Amino acid sequence: MDIGALLTSAGINIAICVVLLSLYSILRKQPSNVSVYFMRRLISEPIKHSDPFRFERLVPSASWIVRAWQATNEEILAAGGVDALVFLRIVVFSIRVFIIAAMICVFLLLPVNYYGQEMQHKQIHSESLEVFTIGNVKEGSKWFWTHCLALYVISCSACVLLHFEYKNITKMRLAHITGSPVNPSHFTVLVRSIPCSQNHSYSKSVEDFFSTYYPASYVSHQMVYRAGRVDKLMDAEKMYRMLKTIESTTKKSYMPCCLCGKSTHSFEALNNDAESVEIKTSSDELQPSQREKKLKISEQKDVEKIYRKLKTIETQNKMSSTPGCLCGGIMHYFKMLKKEAESVECKTSSDRSQPSQTDKERPAAFVFFRTRYAAIVAAQVLQSSNPMLWVTQLAPEPNDVYWSNLSIPYKQVWLRKIATLLGAFVFMFVFLAPVTFVQGLTQLDQLRQTFPFLKGILKQKFMNQLVTGYLPSVILMLFMYAVPPTMMLFSTIEGNVSHSERKKSAGIKVLYFTIWNVFFVNVLSGSIIRQLSVFSSFRDIPTQLAKAVPTQATFFTTYVLTSGWASLSCEVIQLFPLLCNGFRRFILRRQEEPCSNHALTFPHHTEIPRLLLFGLLGFTCSIMAPLILPFLLVYFFLAFLVYRNQILNVYVPKYESGGQFWPVVHNTTIFSLVLTQVIALGVFGIKRSPVASGFTIPLIFLTLLFNEYCRQRFSPVFKRSPAQVLIEMDKQDENWGRAEEIYKLLRTAYCQFPLLSLDLSTSQELSMAGNSGQNKDEGSSKDQESHNPDLNEIKLSS
């Protein structure tokens with residue numbers, strides 16, 4: 001590939017970036033797209049669509065870039081949490097280290113590579129890119145000391161910056177633990193593989209075990225219930241039968257039907273038999289008749305909870321005066337009248353507010369402790385002589401729990417991990433086919449031999465540059481879009497119990513996949529048999545990498561342009577949410593804004609592997625082919641602005657891991673440095689420079705020694721919380737008298753069924769549900785309006 005083909009690829013990607021960024025600056029100003037480009041602000045600040053049309057809405061502007069640049073770390077922390085701030089620290093670290101690398105490599109190594117051999121050079125635009133690589137330096141040249149010096153400068157700069165970032169992020173994580181509001185996960189332990197007993201339920205086993213061995217610190221527990229599709233259908237069938245029974249006992253409503261205008265039936269729940277009901281025993285001690293009675297009462301309570309959801313819908317429709325679908329009558333939804341429900345008393349434990357059938361309990365539970373220190377001790381010690389029973393770990397945050405995987409038996413987890421690991425390896429090797437095809441496009445002579453009918457087309461200069469410079473990276477990028485969803489599926493099958501663990505596991509798989517297929521497979525390209533034959537000679541790997549990396553640096557440069565620049569433009573424009581929003585507004589004619597459940601979370605599992613892959617390409621090609629560094633710097637600067645804008649406006653953090661993925665970033669950066677040094681050692685050996693080779697070997701050991709120091713100094717903080725900090729926090733809570741507040745928070749924190757989590761035991765709520773008159777409905781509508789805050793308008797013209 002020559003400079004012309006590289007400039008062609010750069011020109012196409014620059015044009016795509018300019019068009020998409022200009023289009024974004026126009027689309028974000030339109031009020032109809034507020035749910036696409038301002039979802040985070042839409043949730044935190046109600047919006048009033050009263051902005052009149054202005055011509056400047058159709059004019060591109062760079063004001064969003066200025067706002068993203070001027071945002072402070074405090075604003076980023078408030079908008080996206082610690083995880084967002086740590087992610088941006090990765091971008092800042094990359095910018096700093098590659099500015100140093102670009103300065104020394106472009107101004108020192110690039111001239112040495114270009115004039116490395118005595119040859120007659122062509123014009124710059126006709127020069128092959130290989131003359132700018134280390135391969136153009138003749139064997140035994142005395143100028144290899146410049147490459148060794150640049151390698152030392154880059155490695156030392158990266159290690160110093162890594163230490164600085166690791167230290168600051170560790171402090172940030174500790175500040176997050178101590179400075180954040182009371183977190184229920186600090187007091188909660190997730191217990192799995194609870195042994196089964198024929199005499200009592202899982203809930204009773206948990207209560208007996210922790211009351212016996214943790215009598216001073218154990219508070220209560222919350223069982224995990226089976227919630228598969230079949231169970232949901234069974235619950236739906238019970239609810240249907242309950243509503244049909246209620247409907248048959250009600251009288252006619254005076255609301256007009258939406259079809260013919262006649263009066264229609266509404267659901268009126270008359271709960272007259274609930275006055276003397278009192279549950280005093282647990283479900284496993286009841287007789288069959290008593291159990292049926294308790295089940296009926298539980299179903300009636302479920303109806304009460306469903307009523308409140310439907311009541312909200314009814315009030316909203318009355319406020320908006322929604323007409324009937326055919327005849328224009330006002331649609332009146334479910335009306336349920338509760339007259340005597342205040343005397344119902346339930347004295348069961350907190351976990352029986354959930355479905356109370358014993359057969360729905362799973363061998364997993366959330367156990368609550370009085371102090372953070374007691375919870376961390378219980379989570380880390382071995383609870384039983386059988387390590388496969390009473391397995392404990394610190395519970396994830398309530399919003400971070402992945403409930404469907406809690407029902408997986410713990411004995412299946414290790415089998416699932418092995419199966420998903422094998423599946424990931426198989427998928428990784430299946431992906432060799434498209435990568436080999438892509439590499440065939442970069443070899444023009446091989447392409448002409450394989451497809452003779454393309455000889456005429458490839459004779460054209462522009463088509464030649466397009467096929468060899470732009471098309472391979474585009475095809476590889478399109479294939480790579482299938483990788484994150486596949487790895488996320490594997491991580492779900494693994495059995496991770498939290499969203500953050502699932503996303504972290506998927507991110508690690510994507511990282512390994514991209515490093516293998518984008519770097520190693522492309523470097524060792526050829527036939528699939530040749531790629532697999534590499535493993536037969538591990539001693540020759542440094543030499544093979546040293547021969548192959550400089551020749552593939554041109555492809556990596558075009559990959560940075562295509563997968564880097566263009567992907568950032570697609571990220572900022574949010575193409576898929578934009579199309580969904582247009583379909584919802586203009587096809588379905590639904591003008592209401594989506595709720596917070598439709599908000600997007602930051603895709604760490606796709607963006608962090610991309611950043612680390614580009615860091616790997618930058619380190620390995622810095623002294624081999626320095627021409628990649630300017631394009632890489634442009635990517636990181638653009639990523640800094642784009643991701644800050646997305647964190648401030650688009651992505652909504654639903655849980656917080658406290659920067660748990662930073663050790664993965666650190667280890668991958670160390671791997672990239674060591675790989676760069678090994679490749680440089682092989683190049684110096686091929687080029688017969690013993691002095692440079694001799695100085696490179698100590699650098700490898702020094703880098704590994706630095707990594708071991710960081711692993712001992714900082715890494716434990718990301719695995720375990722320090723007892724000193726937890727005990728001080730417990731003492732502070734005790735001095736401030738927040739124990740009761742914390743216990744009340746724990747009882748309602750981990751709710752498996754949000755729809756059934758409304759507390760209906762207070763007399764005030766039951767009295768509100770018992771009123772059925774139209775005047776009361778209107779009054780409740782007015783109350784709802786009076787509680788709405790003043791609407792703040794978000795100006796979209798910026």
Side-chain angles (χ1 to χ4, degrees), residues 68-102 154 156-180 500 503-504 507-508 511 564 568 571 601-616 618-619 632-651 653 655-673 706-707 709-711 713-719:
W69 178 267
Q70 294 177 346
T72 62
N73 288 338
E74 288 74 15
E75 294 175 351
I76 297 295
L77 185 62
V82 177
D83 289 339
L85 194 57
V86 171
F87 176 82
L88 290 177
R89 298 308 304 173
I90 303 174
V91 182
V92 172
F93 163 78
S94 303
I95 292 175
R96 289 174 175 174
V97 71
F98 286 115
I99 283 179
I100 299 174
I154 294 172
C156 293
S157 301
C159 290
V160 170
L161 292 174
L162 272 177
H163 181 270
F164 174 77
E165 295 294 342
Y166 218 150
K167 183 178 180 181
N168 287 342
I169 292 174
T170 302
K171 293 180 179 179
M172 193 185 308
R173 175 174 172 81
L174 292 176
H176 166 70
I177 294 175
T178 58
S180 59
S500 58
K503 191 170 286 189
K504 180 181 177 181
I508 293 175
L511 176 63
L568 287 176
E571 162 67 27
T601 58
F602 195 90
H604 293 99
H605 65 293
T606 60
E607 304 310 313
I608 292 179
R610 182 180 286 115
L611 289 176
L612 296 179
L613 173 65
F614 288 153
L616 173 69
F619 282 121
L632 204 58
L633 270 178
V634 172
Y635 165 77
F636 283 119
F637 274 115
L638 186 59
F640 179 77
L641 297 173
V642 167
Y643 289 131
R644 285 171 75 91
N645 176 78
Q646 300 298 89
I647 290 171
L648 289 171
N649 297 319
V650 178
Y651 294 119
Y655 47 85
E656 184 69 69
S657 69
Q660 280 283 1
F661 50 81
W662 175 256
V664 178
V665 177
H666 174 86
N667 294 334
T668 306
T669 305
I670 294 295
F671 170 77
S672 302
L673 288 174
F706 166 76
N707 180 55
Y709 163 75
C710 290
R711 192 178 69 86
R713 171 63 180 83
F714 302 113
S715 182
V717 180
F718 291 82
K719 297 178 181 178

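These numbers come from a predicted model, not from an experiment.
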Return the minimal non-hydrogen interatomic distance between L85 and N73, and the atom names on each side. CD1-OD1, 3.8 Å
With a 4.5 Å cut-off on side-chain heavy atoms, are L88 and I647 touching? yes
Over all heavy atoms of both residues, which pair between T72 and R644 is shortest? Give the atoms and the distance, please. N-NH2, 4.1 Å
Report yes or no: does N645 contribute a side-chain atom to a donor-acceptor pair with the main-chain N or O of L641 at less than 3.5 Å? no
Return the orientation label for the Y166 and F714 ring planes: parallel under 30°, perpendicular over 60°, tilted otherwise. parallel
Minimum heavy-atom distance between M172 and V86, given as atom pair plus value: SD-CG2, 4.1 Å
Just checking, any donor-acceptor pair under 3.5 angstrom between side chains of K503 and S657? no
Do L162 and I670 come close enough that some side-chain heavy atom pair is under 4.5 Å? yes
Passing candidate, side-chain contact (heavy atoms from CB on, under 4.5 Å) with F636, options V92, L611, I90: L611
Among I508, I608, L612, which residue satisfies the side-chain contact (heavy atoms from CB on, under 4.5 Å) criterion with T668? L612
Gap separating the OG atom of S500 from the CG atom of D83, nearest 0.5 angstrom: 8.0 Å
S672 and F619: which non-hydrogen atoms are nearest, and at how many Å? CB-CD1, 3.8 Å
In this structure, CD1 of I95 is separated from CG of L632 (nearest 0.5 Å) by 10.5 Å
Could you measure the distance from the CZ atom of R711 to the OG atom of S715? Nearest 0.5 Å is fine. 7.0 Å
What's the spacing between E571 CD and Q646 CD if we round to 0.5 Å? 5.0 Å
What is the ring orientation for H604 with F87, classed by angle as parallel under 30°, tilted 30 to 60°, or perpendicular over 60°? perpendicular
Hey, does I154 have a side-chain heavy atom less than 4.5 Å from the side chain of I100? no
Using a 3.5 Å distance criterion without hydrogens, assess whether the side chain of R89 forms a donor-acceptor pair with backbone atoms of I169. no
R96 and E165 ion-paired at < 4.0 Å: yes
E656 side chain vs V82 backbone, donor-acceptor pair below 3.5 Å: yes
From H163 NE2 over to N168 CG, what is the distance, rounded to the nearest 0.5 angstrom? 10.0 Å
Please report the closest heavy-atom contact between F718 and T170, naming both atoms and the distance. CE1-OG1, 3.5 Å
Return the minimal non-hydrogen interatomic distance between P653 and G80, and the atom names on each side. CB-O, 3.8 Å
Heavy-atom check, side chain of W69 versus side chain of F640, under 4.5 Å: yes
Reported CZ-to-NE2 distance for the pair F706 and H666, which is rounded to 0.5 angstrom: 5.5 Å
